[in-house]
A.B. asks: 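I am attaching a structure below and will ask some questions about it afterwards.
Position 1 is the first residue of the sequence; numbering continues from there.
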Amino acid sequence: MIVSTNSPTRRGLHRAWYVAAVAFVAILGSAGFRATPGVLITPLQEEFGWSAGTISLAVSVNLVLYGLTAPFAAALMDRFGMRRVVAVALLLIAAGSGLTVFMSASWQLLLCWGVLVGLGTGSMALVFAATVVDRWFVRHRGLVTGVLTAAGATGQLVFLPVLAQLAQGPGWRFASVTVAVAALAVVPFVWWLLRDRPEDVGTTALGAPSGAVRTEPARTNAALRAVTVLASAARTRPFWLLAGGFAICGASTNGLVGTHFIPAAHDHGMAEPVAAGLLAIIGIFDIAGTIASGWLSDKIDPKVLLGVYYGLRGLSLMVLPSLFAATTEPSMLIFIIFYGLDWVATVPPTVALCRRIYGADGAVVFGWVFGSHQVGAAFAAVGAGLTRDHLGAYDLAWYAAGALCLLAAGMSLAIGHARGR
């Protein structure tokens with residue numbers, strides 16, 4: 001155990017806010033490549049002749065590794081520190097995105113886009129945000145979780161229109177190199193400013209009482225801890241309700257809308273940069289929605305928030321097929337704004353429930369729950385691609401995702417307050 005104190009005479013902004021700012025920038029940097037699949041599907045089809053199903057398979061590998069890496073990354077951050085893990089993760093993202101410019105076969109897309117970038121982004125995804133919040137904040141946890149979650153949306157907002165223009169103009173290779181450079185640019189800031197724990201700089205978490213006692217996790221093998229926590233959580237009902245709901249969350253966001261919205265809009269005659277701009281608008285409103293959701297998670301039962309979010313998302317997806325057109329109609333803009341507010345608003349209440357139910361293991365449990373999110377996203381990415389290949393349209397995928405979201409709403413409301421309920 002480590003006992004650390006806050007100096008009541010120290011003035012200025014608490015160090016936790018600086019750590020949160022660096023984490024925001026790091027997550028934003030990793031989000032660049034996360035925004036590219038929808039932009040690059042059509043250019044890759046045109047250059048290499050690959051089917052939507054083939055490209056979607058690489059996306060699905062990326063999404064699965066993005067999720068399944070998370071719990072091990074949380075344990076690695078406990079063992080080796082956030083700074084080292086995040087720096088290596090950014091290097092993997094840069095390598096994966098940069099090497100795609102040399103590929104000539106679909107297996108190389110699978111390796112670079114799927115494996116390298118999947119491992120890199122998974123090592124510093126939402127579990128990184130949860131770890132930062134758990135270590136550095138006692139007060140404002142929900143709010144900061146919302147802000148850091150919104151960093152991914154901000155990355156989409158910053159990169160997506162630029163990447164779409166690059167893919168349409170100089171070419172998709174320029175888009176990949178842009179992501180690699182952006183990820184590399186963040187590494188020095190992470191190494192210089194990010195600190196693993198408040199005790200490292202002689203302070204306590206924001207909102208912790210002076211002289212608070214903080215217990216470090218045992219320095220066990222990271223993989224063993226991740227698996228042990230999973231084995232324990234998997235014996236409880238709330239874990240499966242959280243994981244099932246979050247799998248549907250991933251299917252309806254990253255897997256379906258994030259991957260296939262642009263090609264679906266293109267099927268209806270909409271230019272790809274215009275469709276990418278609509279996804280960027282989702283990113284704008286996602287920032288507001290996620291931060292608001294974090295604030296609400298500090299004040300309202302998180303399971304109620306999840307039920308509302310999933311229910312409204314399901315209804316909106318069932319309307320979407322009728323909104324596609326060659327031009328951006330007001331009805332589509334209304335959908336984009338609404339969906340943006342709801343995009344990852346599910347994350348803060350899910351993190352809050354993991355923390356409330358599983359205590360000190362909450363971040364690792366959330367890593368596994370997030371893994372289910374990405375497995376769901378992977379199935380949706382492949383399923384929607386195959387739907388398009390065989391039926392010639394995405395309509396069935398939108399309706400199925402909407403129905404699943406209504407199921408997730410019921411699952412969320414059934415979550416109890418104790419591990420066994």
A.B. asks: Are more than 12 heavy atoms, taken from residues, nucleotides or ligands other than W107, located less than 6.0 Å from that residue's CH2 atom?
C.D. replies: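 No, the 6.0 Å shell around CH2 holds no more than 12 heavy atoms from other groups.
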A.B. asks: Is the W368 ring parallel, tilted or perpendicular to the F72 ring (thresholds 30°, 60°)?
C.D. replies: perpendicular
A.B. asks: So, do M411 and L306 sit near enough that their side-chain heavy atoms are less than 4.5 Å apart?
C.D. replies: no
A.B. asks: Report the distance from atom CG of L305 to atom OG of S412, rounding to the nearest 0.5 Å.
C.D. replies: 10.0 Å
A.B. asks: For S104 and F48, work out which heavy atoms get closest and say how close.
C.D. replies: CA-CE2, 4.0 Å
A.B. asks: Take T145 and S297 through the side-chain contact (heavy atoms from CB on, under 4.5 Å) test and state the conclusion after the steps.
C.D. replies: CA-CA 10 Å; T145 300; S297 296; over 6 Å; no
A.B. asks: Between atom CG of D342 and atom OG1 of T253, what is the distance when rounded to the nearest 0.5 Å?
C.D. replies: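 So the CG of D342 and the OG1 of T253 are separated by 9.5 Å.
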A.B. asks: Take F24 and W17 through the ring pair (Phe, Tyr, Trp, His ring centres under 6.0 Å) test and state the conclusion after the steps.
C.D. replies: CA-CA 10 Å; F24 183 95; W17 294 114; over 10 Å; no
A.B. asks: Considering only distance and modelled atom types, tabulate donor-acceptor pairs under 3.5 Å from the side chains of residues 378-389, sequence neighbours left out.
C.D. replies:
unit_1 : atom_1 : unit_2 : atom_2 : d
T387   : OG1    : G383   : O      : 2.7
R388   : NE     : D267   : OD2    : 2.7
R388   : NH2    : D267   : OD1    : 3.2
D389   : OD2    : G53    : N      : 3.1

A.B. asks: Measuring from atom CG of L184 to atom CG of L91, what distance do you get when rounded to the nearest 0.5 angstrom?
C.D. replies: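 With rounding to 0.5 Å, CG (L184) is 6.5 Å from CG (L91).
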A.B. asks: Quick one: do the T100 and S176 side chains pair a donor with an acceptor below 3.5 Å?
C.D. replies: yes
A.B. asks: Kindly determine whether Y358 and T236 satisfy side chain to side chain donor-acceptor pair (under 3.5 Å), including the steps that lead there.
C.D. replies: CA-CA 10 Å; Y358 299 101; T236 67; 2.6 Å; yes
A.B. asks: Which atom pair, heavy atoms only, marks the closest approach of C405 to R313?
C.D. replies: SG-CD, 3.7 Å
A.B. asks: For I334 and L323, run side-chain contact (heavy atoms from CB on, under 4.5 Å): C-alpha distance rounded to whole Å, both residues' side-chain angles, the deciding distance at 0.1 Å, then the answer.
C.D. replies: CA-CA 10 Å; I334 292 172; L323 305 181; over 6 Å; no
A.B. asks: State whether a side-chain donor-acceptor pair under 3.5 Å links Y310 with S252.
C.D. replies: no
A.B. asks: With respect to V347, which candidate in Y309, F366, F370 satisfies the side-chain contact (heavy atoms from CB on, under 4.5 Å) definition?
C.D. replies: F366
A.B. asks: Are the side chains of C112 and V115 in touch, meaning some heavy atoms are under 4.5 Å apart?
C.D. replies: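 No; the side chains remain at least 4.5 Å from each other.
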A.B. asks: From L333 CG over to I281 CD1, what is the distance, rounded to the nearest 0.5 angstrom?
C.D. replies: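 Rounded to the nearest 0.5 Å, the CG-CD1 separation comes out at 6.0 Å.
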A.B. asks: Angle between ring planes, F261 versus F324, binned at 30° and 60°: parallel, tilted or perpendicular?
C.D. replies: tilted
A.B. asks: How long is the gap from NE2 on H373 to OG1 on T350, to the nearest 0.5 Å?
C.D. replies: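 Between atom NE2 of H373 and atom OG1 of T350 there are 8.5 Å.
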A.B. asks: Do the side chains of R356 and D301 get close enough for a salt bridge, i.e. N-O under 4.0 angstrom?
C.D. replies: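 Yes, R356 and D301 are salt-bridged.
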A.B. asks: With salt bridge (charged side-chain N to carboxylate O under 4.0 Å, His left out) as the rule and sequence neighbours excluded, what pairs involving residues 82-111 come up?
C.D. replies: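 Sorted result for residues 82-111: empty, none.
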A.B. asks: Mind telling me whether W136 and H14 have parallel, tilted or perpendicular rings, with 30° and 60° as the class edges?
C.D. replies: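 Perpendicular, since the angle between the ring planes exceeds 60°.
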A.B. asks: Any donor and acceptor pair, going by atom type alone, linking the side chain of K303 with main-chain N or O of I415 inside 3.5 Å?
C.D. replies: yes
A.B. asks: To the nearest 0.5 Å, tell me how far L256 CG sits from L320 CG.
C.D. replies: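 So the gap between those two atoms works out to 8.0 Å.
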